[in-house]
J.: 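Have a look at this one.
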Amino acid sequence: MSLRLIVAEDAVLLREGLVGLLQRVGHDIVAAVGDSDALISATRTERPDLIITDVRMPPTLSDDGLRAAVQLREEFPGLPVLVLSQYVERSYALGLLDSGGGTAVGYLLKERIAAVADFTNAIVQVANGGTVVDPEVIQQLVRIRKDPLEALSPREHEVLGLIAQGHTNSTIATRLFISPAAVNKHIGNIFTKLDLPTTTDGHRRVLAVLTYLRS
């Protein structure tokens with residue numbers, strides 16, 4: 001099965017290696033690009049059968065490739081996309097895998113591909129409307145699907161609820177009939193259990209409230 005493919009990978013040697021491999025197994029590489037803007041442009045021009053993209057690439061070297069893939073799936077419904085990456089980029093991975101009813105999409109981790117045949121078979125499967133996802137990707141995404149508030153104790157739930165209502169620590173202490181020191185301890189536990197980044201307490205307080213509102 002010969003497919004028209006676009007390869008998006010900013011590492012030149014890896015990109016050329018992928019191109020050579022895919023050509024050897026009979027595919028037509030209509031574009032090989034090194035940044036997300038070029039990926040979007042080439043896809044609009046070439047209308048490939050499938051795109052293979054890394055997650056992290058220019059211009060920001062963060063999740064540009066994955067964001068481009070999500071955008072292209074919105075622009076061209078049903079466009080087959082196979083992400084080939086070293087990372088599980090959680091923020092957009094769920095969006096990509098949920099798009100198009102979860103069909104014609106794949107997410108593989110580079111270091112876990114055991115054989116060339118597995119990779120080339122995945123390409124054909126995704127192009128035919130299938131879904132191919134590395135088990136490690138699934139495990140990581142399942143973990144973030146869980147309610148982040150599950151780890152909080154009933155008292156910590158109460159404290160976070162009052163924080164979300166805009167109450168100060170002293171007011172929370174009065175309402176719950178506990179000491180200000182106990183409130184501070186509960187808030188510290190909340191920050192830890194929600195795995196909030198180490199920053200100012202004021203900023204973490206806002207992040208905690210946002211997590212509460214999303215749950």
Side-chain angles (χ1 to χ4, degrees), residues 1-43 46 48-74 76 78-100 102-145 195:
M1 182 179 182
S2 179
L3 299 169
R4 299 176 69 255
L5 306 177
I6 289 178
V7 174
E9 167 62 60
D10 64 316
V12 176
L13 291 178
L14 180 54
R15 183 172 69 241
E16 293 303 315
L18 283 171
V19 168
L21 168 65
L22 295 169
Q23 287 176 333
R24 285 197 299 275
V25 297
H27 297 305
D28 179 17
I29 310 303
V30 296
V33 300
D35 62 76
S36 60
D37 291 338
L39 170 59
I40 292 171
S41 177
T43 301
E46 299 293 344
D49 297 317
L50 177 143
I51 64 174
I52 300 171
T53 183
D54 193 4
V55 169
R56 299 186 180 181
M57 61 175 57
T60 71
L61 293 176
S62 58
D63 54 8
D64 300 79
L66 189 51
R67 284 190 288 112
V70 172
Q71 177 183 332
L72 289 168
R73 290 266 289 183
E74 293 174 352
F76 303 105
L79 172 68
V81 171
L82 177 59
V83 173
L84 182 63
S85 180
Q86 290 177 290
Y87 314 95
V88 180
E89 179 51 58
R90 299 177 180 183
S91 58
Y92 285 93
L94 286 173
L96 176 67
L97 296 175
D98 284 342
S99 66
T103 62
V105 65
Y107 200 126
L108 300 178
L109 298 178
K110 293 175 182 176
E111 71 275 10
R112 287 170 54 86
I113 297 175
V116 170
D118 294 337
F119 175 52
T120 55
N121 288 339
I123 291 172
V124 174
Q125 188 172 338
V126 171
N128 285 331
T131 304
V132 181
V133 184
D134 189 293
E136 177 62 25
V137 175
I138 294 174
Q139 289 180 18
Q140 292 199 36
L141 296 182
V142 164
R143 284 199 289 270
I144 66 168
R145 284 285 197 183
D195 195 26

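Fair warning: this is a prediction, and the values are worked out from it, not measured in the lab. All residue numbers refer to positions in the sequence shown, counting from 1.
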J.: Is any side-chain heavy atom of S62 less than 4.5 Å from a side-chain heavy atom of D64?
T.: yes

J.: Among I113, L14, V55, whose side-chain contact (heavy atoms from CB on, under 4.5 Å) with L84 holds?
T.: I113

J.: Go through the steps to decide whether L82 and F119 satisfy the test side-chain contact (heavy atoms from CB on, under 4.5 Å), and finish with yes or no.
T.: CA-CA 10 Å; L82 177 59; F119 175 52; 3.8 Å; yes

J.: Which pair of heavy atoms, one from P48 and one from L79, lies closest together, and at what distance?
T.: O-CD1, 3.9 Å

J.: Tell me if a side-chain donor or acceptor on S2 pairs with a main-chain N or O of G26 at a distance below 3.5 Å.
T.: yes

J.: Testing the basics here: between L3 and A127, what is the closest heavy-atom pair and its distance to 0.1 Å?
T.: CD1-CB, 3.6 Å

J.: Would you give the length of the straight line joining atom CG of D63 to atom CE of M57, rounded to the nearest 0.5 angstrom?
T.: 11.0 Å

J.: Closest heavy-atom contact between P80 and V126?
T.: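 Nearest heavy atoms, P80 then V126: CB-O, 3.8 Å.
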
J.: Provide the full list of side-chain hydrogen bond (donor to acceptor under 3.5 Å, both in side chains) pairs with a residue in residues 112-128, sequence neighbours left out, each pair given once.
T.: R112-D134

J.: Does T53 reach the side chain of L39, with side-chain heavy atoms less than 4.5 Å apart?
T.: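 Side chain of T53 against side chain of L39, heavy atoms only: contact under 4.5 Å found.
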
J.: Side chains of D49 and R4: does their closest heavy-atom pair fall under 4.5 Å?
T.: yes

J.: Would you call K110 and D54 a salt bridge, using N to O less than 4.0 angstrom?
T.: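 Here K110 pairs with D54 in a salt bridge, since their nearest N and O are under 4.0 Å apart.
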
J.: Quick one: side-chain hydrogen bond (donor to acceptor under 3.5 Å, both in side chains) pairs with a partner in residues 24-38, sequence neighbours left out?
T.: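 For residues 24-38: none.
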
J.: Which pair of non-hydrogen atoms, one from A32 and one from V19, has the smallest distance, and what is that distance?
T.: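 That would be CB-CG2, 3.8 Å.
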
J.: Between S99 and L96 (side chain of the first, backbone of the second, donor and acceptor by atom type, cut-off under 3.5 Å), is there such a pair?
T.: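 Looks like yes, one N/O pair under 3.5 Å.
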
J.: Using side chain to side chain donor-acceptor pair (under 3.5 Å) as the criterion, list what pairs up with Q23, not counting sequence neighbours.
T.: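 Scan of Q23 (side chain to side chain donor-acceptor pair (under 3.5 Å), adjacent residues dropped) gives none.
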
J.: Roughly how far apart are I6 CD1 and E46 CD, rounded to 0.5 Å?
T.: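 Interatomic distance, I6 CD1 to E46 CD, rounded to 0.5 Å: 6.0 Å.
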
J.: Supply the atom-to-atom distance I51 CD1 to T43 OG1, rounded to the nearest 0.5 angstrom.
T.: 4.5 Å

J.: Do I123 and V25 come close enough that some side-chain heavy atom pair is under 4.5 Å?
T.: no

J.: How close do Y107 and E89 get, counting heavy atoms only, and between which atoms?
T.: OH-N, 3.0 Å

J.: Would you say L61 and D10 make side-chain contact, with heavy atoms under 4.5 Å?
T.: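 L61 vs D10: side chains touch.
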
